[in-house]
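See structure below.
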Number of protein chains: 2
Amino acid sequence: MNKEKNFQGYLHDKGLKSTRQRDDIASFFLQKDKHFSVEELYHEIKKIEPQIGYATVYRTLKLLVESGLATKCQFSEGFTRFEPVHEGKHHDHLVCLKCGKIIEFKNDKIEQLQIEVARELDFELTNHKCVLYGYCSRCKD
Amino acid sequence: MNKEKNFQGYLHDKGLKSTRQRDDIASFFLQKDKHFSVEELYHEIKKIEPQIGYATVYRTLKLLVESGLATKCQFSEGFTRFEPVHEGKHHDHLVCLKCGKIIEFKNDKIEQLQIEVARELDFELTNHKCVLYGYCSRCKD
DNA sequence: CACGTAATGAAAATGAATTTCAAAATCAAT
DNA sequence: ATTGATTTTGAAATTCATTTTCATTACGTG
Ligand SMILES: [Mn+2]
Ligand SMILES: [Mn+2]
Ligand SMILES: [Zn+2]
Ligand SMILES: [Zn+2]
């Protein structure tokens, strides 16, 4: 898998070591398409690597974010979620306030308008977060 | 001031009491145009009401949000900010990653496109947060 | 293999936010 | 104004996500 190669490359370039724990976390995380809480990921990794500690999961997620392979999601749940990046494609989210379902969307017009907003305000844009809250098709009514 | 009347009305309707502390916090907060951290607000209120406790500031902000007179802002700073609502006008934010400056913007096209995105995904929209991160005119370069 | 360095994990620490609880304040009914 | 039921307050304790500490273990270059 190419993402794992990228992670190995990132570690090497930074003079960091490849370890069984890091590799297990990265390869499990990167092959899923999911918005993980740290707790969820910790419990999944426990099955593969029973001695793993929370600190290592936190530390490895930080490295994945720094390497550009993961992004942080803050959905006002009181904790952070992390998701593997989707092949260089940025997207935003809808979050169901009842069941917690997370739906992804991509809208180039919105992205373009955000760039214009920033330019008009003489602001150099680096990234953004757009989260739509409400009720999914199964939870509404 | 009308907002303070609304707060008094909210308290009365919910069978809650009007207290010197609540009234001082609400009237100070509602007349400012600022994105307050709880700590900032606490220190400002201390000047007016030296015996105030953090818990009362937190509790009053919660009431202000519930009454629709304040909104929570989460700018990935590790804590929550609160701002008085602007006369029924929704807006979003740009946040400078260097100096922390918060710039407001309003873009009806983006808002409309968000509504369309939600409709296409059969999602009942209640609210949204859109935060653009980058560098303000003074901090870029 | 050996050594210097980095990583791990359990436990402690941190920090924002909430809860607890005894004392004080509010307010509707007298 | 006085009462008294109920709510609010503030200091301190608690909670919970996340970070840090530190002794031990693992990595990887030579
Ligand atoms: Mn996603
Ligand atoms: Mn604002
Ligand atoms: Zn739902
Ligand atoms: Zn700036």
Side-chain angles (χ1 to χ4, degrees), chain A residues 7-29 35-67 70-82 100, chain B residues 7-29 35-67 70-82 100:
Chain A
F7 186 58
Q8 294 304 321
Y10 177 80
L11 292 179
H12 195 266
D13 293 350
K14 291 280 176 179
L16 304 174
K17 291 175 179 171
S18 172
T19 68
R20 205 184 60 242
Q21 293 91 330
R22 278 180 181 165
D23 300 348
D24 282 351
I25 293 168
S27 66
F28 179 85
F29 174 80
H35 305 85
F36 284 98
S37 69
V38 177
E39 193 187 11
E40 282 164 1
L41 184 58
Y42 170 79
H43 284 109
E44 293 294 331
I45 298 297
K46 261 295 194 192
K47 296 174 186 169
I48 300 164
E49 192 67 59
Q51 281 307 305
I52 202 78
Y54 263 105
T56 300
V57 177
Y58 274 103
R59 289 188 280 232
T60 304
L61 283 168
K62 181 177 278 186
L63 292 175
L64 286 162
V65 171
E66 287 167 10
S67 70
T71 53
K72 280 188 179 193
C73 304
Q74 316 251 178
F75 297 145
S76 307
E77 297 169 293
F79 54 85
T80 304
R81 290 183 183 276
F82 294 83
Chain B
F7 185 58
Q8 295 303 322
Y10 177 80
L11 293 179
H12 194 267
D13 293 350
K14 291 279 177 180
L16 303 174
K17 289 173 179 171
S18 172
T19 68
R20 205 185 58 245
Q21 292 92 328
R22 278 177 182 167
D23 299 348
D24 283 350
I25 294 168
S27 66
F28 179 85
F29 174 80
H35 305 83
F36 284 100
S37 68
V38 177
E39 194 186 11
E40 283 165 359
L41 185 57
Y42 170 78
H43 284 110
E44 293 293 331
I45 298 298
K46 264 288 196 196
K47 297 173 186 169
I48 300 164
E49 191 68 59
Q51 281 308 305
I52 204 76
Y54 264 104
T56 301
V57 178
Y58 273 104
R59 289 188 280 230
T60 304
L61 284 168
K62 181 176 278 187
L63 292 175
L64 285 163
V65 170
E66 287 166 10
S67 70
T71 53
K72 282 188 177 189
C73 304
Q74 316 250 180
F75 297 145
S76 308
E77 298 171 293
F79 54 85
T80 303
R81 289 182 183 276
F82 294 83

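To find a chain, count down the sequence lines: A is the first, B the second, and so on, and within it residues start at 1.
Comparing Thr80(B) and Ala55(A) against DNA chain C, the residue whose closest nucleotide sits nearer the 5' end is Ala55(A). Along DNA chain C, the nucleotide nearest Gly78(B) and the nucleotide nearest Thr60(A) are compared for position; the residue whose nucleotide lies closer to the 5' end is Thr60(A). Each of Val57(B) and Phe79(A) lies near DNA chain D, and the nucleotide nearest Val57(B) is the one positioned closer to the 5' end.
Counting only N and O atoms by type, the side chains of Gln21(B) and Thr60(B) include no donor and acceptor under 3.5 Å apart.
In this structure, OH of Tyr58(A) is placed 19 Å from C1' of dA7(C), rounded to the nearest angstrom. When the C1' atom of dA7(C) is taken as reference, atom CD of Gln51(A) falls 15 Å away, rounded to whole Å. Counting to the nearest Å, the P atom of dT8(C) and the CG atom of Leu61(A) are 12 Å from each other. We find that NZ of Lys62(B) is positioned 17 Å from P of dA16(C), with the value rounded to whole Å. Atom pair Arg59(B):CZ and dC21(C):C1' shows a separation of 11 Å (rounding to whole Å applied).
Between the Arg22(B) side chain and the Lys17(B) main chain, a donor and an acceptor come within less than 3.5 Å of each other. The closest donor-acceptor contact from the side chain of Glu49(A) to the backbone of Lys46(A) lies at 3.5 Å or more, if one exists at all.
Under a 4.0 Å N-O distance rule, the pair Glu66(B)/Lys14(B) does not qualify as a salt bridge.
Of all the residues in residues 7-25 of chain A, Leu16(A), Lys17(A), Thr19(A), Gln21(A), Arg22(A) reach under 4.0 Å from DNA chain C with at least one non-hydrogen atom.
Between Phe29(A) and Phe36(A), the gap from one ring centroid to the other is short of 6.0 Å.
Of all heavy-atom pairs between Leu63(A) and Tyr10(A), the closest is O-CE2, 4.0 Å.
By the 30° and 60° cut-offs, the orientation of the rings of Tyr42(A) relative to Tyr54(A) is parallel.
Looking at heavy-atom distances under 4.0 Å, Glu39(A) makes no contact with the nucleic acid at all.
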Ser76(B)/Gln74(A) under side-chain hydrogen bond (donor to acceptor under 3.5 Å, both in side chains): CA gap, chis, key distance, verdict: CA-CA 8 Å; Ser76(B) 308; Gln74(A) 316 251 178; 4.7 Å; no

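Taking a 6.0 Å sphere around CD of Glu77(B), one finds it holds more than 12 heavy atoms contributed by other residues, nucleotides or ligands.
Note that the first and last nucleotides of DNA chain D, 5' to 3', having any atom under 4.0 angstrom from a heavy atom of chain B are dT6(D) to dA11(D).
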